2 protein chains.
Amino acid sequence: MAATTTPCCAPIAREPLSEPDAADLAVMLKAVADPVRLRLLSMIGSHAGGEACVCDLTDAFDLTAPTISHHLKVLRTAGLIDGERRGTWVYYRIVPEAVNRLGALFTPLTEPAPAGPVPASLAVTR
Amino acid sequence: MAATTTPCCAPIAREPLSEPDAADLAVMLKAVADPVRLRLLSMIGSHAGGEACVCDLTDAFDLTAPTISHHLKVLRTAGLIDGERRGTWVYYRIVPEAVNRLGALFTPLTEPAPAGPVPASLAVTR
DNA sequence: TTCCTGATTCGATACCTGTCGAAATTATAG
DNA sequence: CTATAATTTCGACAGGTATCGAATCAGGAA
């Protein structure tokens, strides 16, 4: 489901986001805009082997299993992680394309960029 | 206010995010996790001169002025934009450090990242 | 089979959030 | 000083969401 590697979207300060693109990205960002899910994503991504068992994740939080399961589902529905059952346990791993897409969106701007004349090279392309 | 250039945080898949860091980043991400605010941020960042007047922004949406003002406040509170009143109009511009911080968080991974040996030096800290 | 353990689904509840209309604020123009 | 325009603040309301306990599903072991 939703394995479509949508390329999409120049850096956020490059040109105005279209309404559909904004809506699409917002779905992904909403999934990440939560302390628990951020940590889950980080734990999964940094875990040895590139994947983590739900059993490992649950213990790190002061939350019940259903709640963790709910958060994992949100991340999976947003296309940020992918899960697979192997025997008794379920393993999740990051979907790199999705994370990279977010990284590309917030690509570095012109750095400190104090108030300058700022050449119109950054004008609205439109 | 809140001009503290919090460095913070390795790429999300590098090591598990600490609880405080996750909470901190979630605030910023919540601000961006909305279609309207995403477009506002994009319009401000890509506007000629690096700043945009509220009057310009309001017309692009099918929302009332109070609502747009609310969204701008959310973005400003999160430290993503900074506003300044000049005469009758209020101008907003992006805070590059904040956006860069998000970009760094979702920095590219090792690409396909299949199951590798990956030393257990990155286990869940707990 | 039957039991046990890991994980998800299902309701229910308390809280957060996006939106609006009305009122208040700020600054320019007559 | 009064009028007008641009923004913001203030309630208020509808819809969304994080969390839990209980029930359910999926495999492995006795």
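Letters A, B, ... are given to chains in the order of the sequence lines, protein chains preceding strands, and every chain is numbered from 1. Values in this document were obtained by computation on a predicted structure and should not be read as measured data.
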| query | Going through the distances and angles, do B:Met43 and B:Phe61 end up as a side chain to side chain contact (heavy atoms under 4.5 Å, CB included)? | reply | CA-CA 12 Å; B:Met43 291 170 81; B:Phe61 297 85; 3.8 Å; yes
Distance-only donor-acceptor pairs under 3.5 Å for side chains of residues 30-39 of chain B, two or more places apart:
residue : atom : partner : partner atom : Å
B:Lys30 : NZ   : A:Ala33 : O            : 2.9
B:Asp34 : OD1  : B:Val36 : N            : 2.8
B:Asp34 : OD1  : B:Arg37 : N            : 3.2
B:Arg37 : NE   : B:Ala31 : O            : 2.6
B:Arg37 : NH1  : B:His71 : ND1          : 3.0
B:Arg37 : NH2  : B:Lys30 : O            : 3.1

| Is the shortest side-chain N/O distance from A:Lys73 to OP1 or OP2 of C:dT8 below 4.0 Å? | no
| How would you give the extent of chain A contacts on DNA chain D, as first and last nucleotide 5' to 3' within a 4.0 Å heavy-atom cut-off? | D:dA18 to D:dG28
Quick one: which protein N/O atoms are closer than 3.5 Å to N/O atoms of nucleotides 13-20 of chain C? Pair and distance per line, please.
residue : atom : partner : partner atom : Å
C:dG18  : OP1  : B:Arg37 : NH1          : 3.4
C:dG18  : OP1  : B:Arg37 : NH2          : 2.9
C:dG18  : OP2  : B:Arg37 : NH1          : 3.4
C:dG18  : OP2  : B:His70 : NE2          : 3.4
C:dT19  : OP2  : B:His71 : NE2          : 2.4
C:dC20  : OP2  : B:Thr64 : N            : 3.0
C:dC20  : OP2  : B:Thr64 : OG1          : 3.1
C:dC20  : OP2  : B:Thr67 : OG1          : 2.7

| query | B:Tyr92 near the nucleic acid: base, sugar-phosphate alone, or nothing, with a heavy-atom cut-off under 4.0 Å? | reply | sugar-phosphate
| Quick one: what's the B/S/- string for nucleotides 24-30 of chain C, heavy-atom cutoff under 4.0 Å, read 5' to 3'? | --BSS--
| task | Report yes or no: is the cationic atom of B:Arg86 (NZ for Lys, CZ for Arg) under 6.0 Å from the centre of the six-membered ring of B:Tyr91, at an angle within 45° of the ring normal? | result | yes
| message | Can you confirm whether more than 12 heavy atoms, excluding those of A:Asp62, are under 6.0 Å from its CG atom? | response | no
| field | Test item: A:Ile68 and A:Thr64 side chains (from C-beta on) under 4.5 Å apart, heavy atoms | value | no
| request: Could you pull out all residues at least two apart from A:Ala65 that satisfy side-chain contact (heavy atoms from CB on, under 4.5 Å)? | output: none
| query | A:Cys55: what forms a side-chain contact (heavy atoms from CB on, under 4.5 Å) with it, not counting sequence neighbours? | reply | A:Cys53, A:Trp89
| query | Is there a side-chain contact between A:Val90 and A:Glu84, using heavy atoms and a 4.5 Å cut-off? | reply | no
